[in-house]
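In what follows, a structure is listed as structure tokens, so that the remarks can point back to it.
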Amino acid sequence: MQNSFDEKILEEADTWLKLGQSVVLATVVQTWGSSPRPTGSRMIVNEHGDFSGSVSGGCVESAVVRECLDLIQNKTKCKKIEFKVSNESAWEVGLACGGEIAVYLETIQ
Amino acid sequence: MQKEILQQVLLLKKEKKEFAIVTDLQTSLNYIYQPGTVLSDKIQLEQKKIEHAFQARTNGMLEGTELFIENYHRPIQVVIVGAVHIAQYFCEYAKHLNFEITIIDPRGYFASAKRFPDIKIINEWPNEALTKVNIDHNTALIALTHDPKIDDPAIQYALKVKCFYIGALGSKKTHENRCERLEKAGFSREITSQIHGPIGIKLGGRSAPEIALSVVSQLVSEVYKRK
């Protein structure tokens with residue numbers, strides 16, 4: 001169910017921040033076709049590459065972590081990335097389900 | 001996201017207030033929308049679109065803008081009559097599903113805070129207890145005692161206020177007897193056919209956690225059917 005008050009990703013982000021970590025919030029902002037997670041799904045990533053939550057069924061999380069680490073290193077505020085149907089040349093970051101998603105990354109600052 | 005906004009969001013979530021986070025993807029600035037309030041700054045121009053998306057409970061990009069809206073609505077109220085073993089598993093499974101659960105059971109030894117940590121418990125007979133909960137068509141009522149003394153008044157109440165989901169534990173025969181009693185009390189077959197009895201989707205299991213799982217599954221499916 002969408003945006004449950006019980007969902008604790010933002011609370012976890014707050015805990016990480018209080019531990020002095022850098023945190024990037026990744027949110028599914030658009031979906032096309034059969035995307036694995038609905039719009040509004042979230043994950044958080046810190047500078048060590050630890051992550052919590054999800055934006056897909058495990059298909060693109062590793063790429064999202066890498067992008068988030070770049071964001072932290074380059075002190076960039078935000079970025080929007082799109083993931084499309086997987087093919088052989090982009091096997092690692094494709095969506096095997098055939099959907100497309102746009103994920104918005106923003107540092108919490 | 002700005003840290004101050006995150007703190008505001010956490011507070012609103014804690015207080016279970018309805019709100020939305022609006023993010024400008026170009027600037028990465030976030031704004032909080034609460035129903036009935038006028039928005040400030042740049043996003044004021046999009047107030048109508050924001051209100052519409054909030055009422056429609058749709059997360060997503062606002063058409064023709066670079067604004068993303070994410071809505072937080074109040075949890076769906078679930079009233080369980082009968083603080084039985086199945087109810088314990090139900091509460092366990094329902095933890096992450098945005099339900100606000102109230103348990104009613106006049107039997108104090110069943111409905112104890114120890115058995116149901118963090119759940120609202122009303123230790124009274126349904127007729128008194130139900131007046132203390134705001135039950136309406138947005139409420140789901142689950143009767144689990146299979147004791148007519150306790151279940152029947154609650155089911156009658158739920159039928160009258162048109163709860164969107166009414167489920168009652170018991171075999172086909174128990175349920176048939178229940179419907180007959182309700183008929184005598186003035187509820188037509190058409191009305192009693194709205195009750196999910198025997199409760200739950202068919203999983204095949206008979207243990208308490210398996211029945212609880214089948215009830216949670218049915219409830220989630222009914223929530224989406226309603227939309």
Side-chain angles (χ1 to χ4, degrees), chain A residues 1-32 35 37-46 52-55 67-68 71-72 74-82 100-109, chain B residues 1-30 53-54 56-63 65-76 91 94-101 118 216 219-221 223-224 226-227:
Chain A
M1 255 156 267
Q2 59 172 334
N3 295 101
S4 157
F5 278 91
D6 301 324
E7 195 252 350
K8 293 287 182 245
I9 284 292
L10 293 176
E11 282 76 358
E12 206 172 346
D14 188 47
T15 309
W16 288 9
L17 287 167
K18 282 180 178 145
L19 290 168
Q21 300 169 359
S22 304
V23 184
V24 179
L25 194 60
T27 310
V28 178
V29 290
Q30 272 170 303
T31 66
W32 298 266
S35 65
R37 292 278 181 281
T39 310
S41 301
R42 281 213 158 109
M43 70 184 256
I44 49 170
V45 180
N46 70 9
S52 182
S54 66
V55 292
E67 292 280 352
C68 289
L71 227 69
I72 295 171
N74 302 328
K75 297 194 165 55
T76 315
K77 271 203 296 196
C78 60
K79 185 177 184 179
K80 190 166 129 182
I81 36 176
E82 283 177 21
E100 284 182 41
I101 59 171
V103 179
Y104 184 70
L105 313 179
E106 52 186 318
T107 48
I108 304 180
Q109 52 192 6
Chain B
M1 179 181 276
Q2 305 95 293
K3 278 184 183 165
E4 311 83 69
I5 296 279
L6 176 65
Q7 292 310 320
Q8 282 181 46
V9 166
L10 296 183
L11 189 67
L12 288 165
K13 280 184 75 184
K14 205 172 162 193
E15 293 174 348
K16 301 221 163 140
K17 295 243 173 79
E18 298 203 316
F19 68 100
I21 307 172
V22 181
T23 307
D24 184 335
L25 299 197
Q26 273 171 344
T27 59
S28 89
L29 289 175
N30 315 90
F54 183 78
R57 302 177 176 230
T58 339
N59 290 339
M61 299 299 298
L62 296 177
E63 217 187 319
T65 71
E66 277 299 301
L67 298 174
F68 174 72
I69 182 167
E70 192 192 354
N71 302 298
Y72 285 80
H73 285 274
R74 276 190 68 76
I76 288 165
C91 295
K95 259 184 195 164
H96 306 287
L97 296 171
N98 205 22
F99 292 135
E100 194 167 85
I101 303 173
D118 306 321
V216 169
L219 179 55
V220 170
S221 132
V223 166
Y224 283 104
R226 202 170 55 128
K227 281 182 183 170

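Owing to the predicted nature of the structure, the values given are computational and were not obtained by experimental measurement. Labels below follow one simple rule: chain letters A, B, ... track the order of the sequence lines, proteins then strands, and each chain is numbered from 1. FYI, side chains are in, hydrogens and waters are out, and symmetry mates aren't considered; it's all heavy atoms of this structure.
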TODO: Please name the pair of heavy atoms, one in B:M61 and one in A:V29, separated by the smallest distance, quoted to 0.1 Å.
DONE: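 Shortest heavy-atom separation between B:M61 and A:V29 comes out as CG-O, 3.8 Å.
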Open item on the list: Show the nearest heavy-atom pair for residues B:Y72 and A:L10, with the distance to one decimal.
Closed with: OH-CD1, 3.7 Å
Open item on the list: Can you confirm whether more than 12 heavy atoms, excluding those of B:D118, are under 6.0 Å from its CG atom?
Closed with: no
Open item on the list: Can you list the residues of residues 102-109 of chain A that sit under 4.5 Å from chain B, counting heavy atoms only?
Closed with: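 Only A:Y104, A:E106, A:T107, A:I108, A:Q109 of residues 102-109 of chain A have a heavy atom under 4.5 Å from chain B.
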- [ ] Heavy-atom distances under 4.5 Å only: say whether B:Q26 touches chain A with side chain, backbone, both or neither.
- [x] backbone
Open item on the list: Does any backbone or side-chain atom of B:T27 lie under 4.5 Å from a heavy atom of chain A? Answer side chain, backbone, both or neither.
Closed with: backbone
- [ ] May I ask you to test the B:H96-A:K8 pair for a side-chain heavy-atom distance under 4.5 Å?
- [x] no
TODO: Check whether any side-chain heavy atom of B:K14 lies under 4.5 Å from a side-chain heavy atom of A:E11, and answer yes or no.
DONE: no
TODO: Return the option, out of B:I5, B:V9, B:L25, with the maximum number of heavy-atom pairs under 4.5 Å with chain A.
DONE: B:L25
At what distance, to the nearest 0.5 angstrom, does [atom1] of [X] lie from [atom2] of [Y]?
X	Y	atom1	atom2	result
A:C78	B:M1	SG	CE	12.5 Å
B:T23	A:L25	OG1	CG	8.0 Å
A:T31	B:N59	OG1	CG	10.5 Å

TODO: For B:L6 and A:L17, run side chain to side chain contact (heavy atoms under 4.5 Å, CB included): C-alpha distance rounded to whole Å, both residues' side-chain angles, the deciding distance at 0.1 Å, then the answer.
DONE: CA-CA 11 Å; B:L6 176 65; A:L17 287 167; 3.6 Å; yes
TODO: Select one option (side chain, backbone, both, neither) describing which atoms of A:V23 are under 4.5 Å from chain B's heavy atoms.
DONE: neither
Task: Counterpart residues, salt bridge (Lys or Arg N to Asp or Glu O under 4.0 Å), relative to A:K18 (two or more places apart) - done: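 Only A:D14 meet the salt bridge (Lys or Arg N to Asp or Glu O under 4.0 Å) criterion with A:K18.
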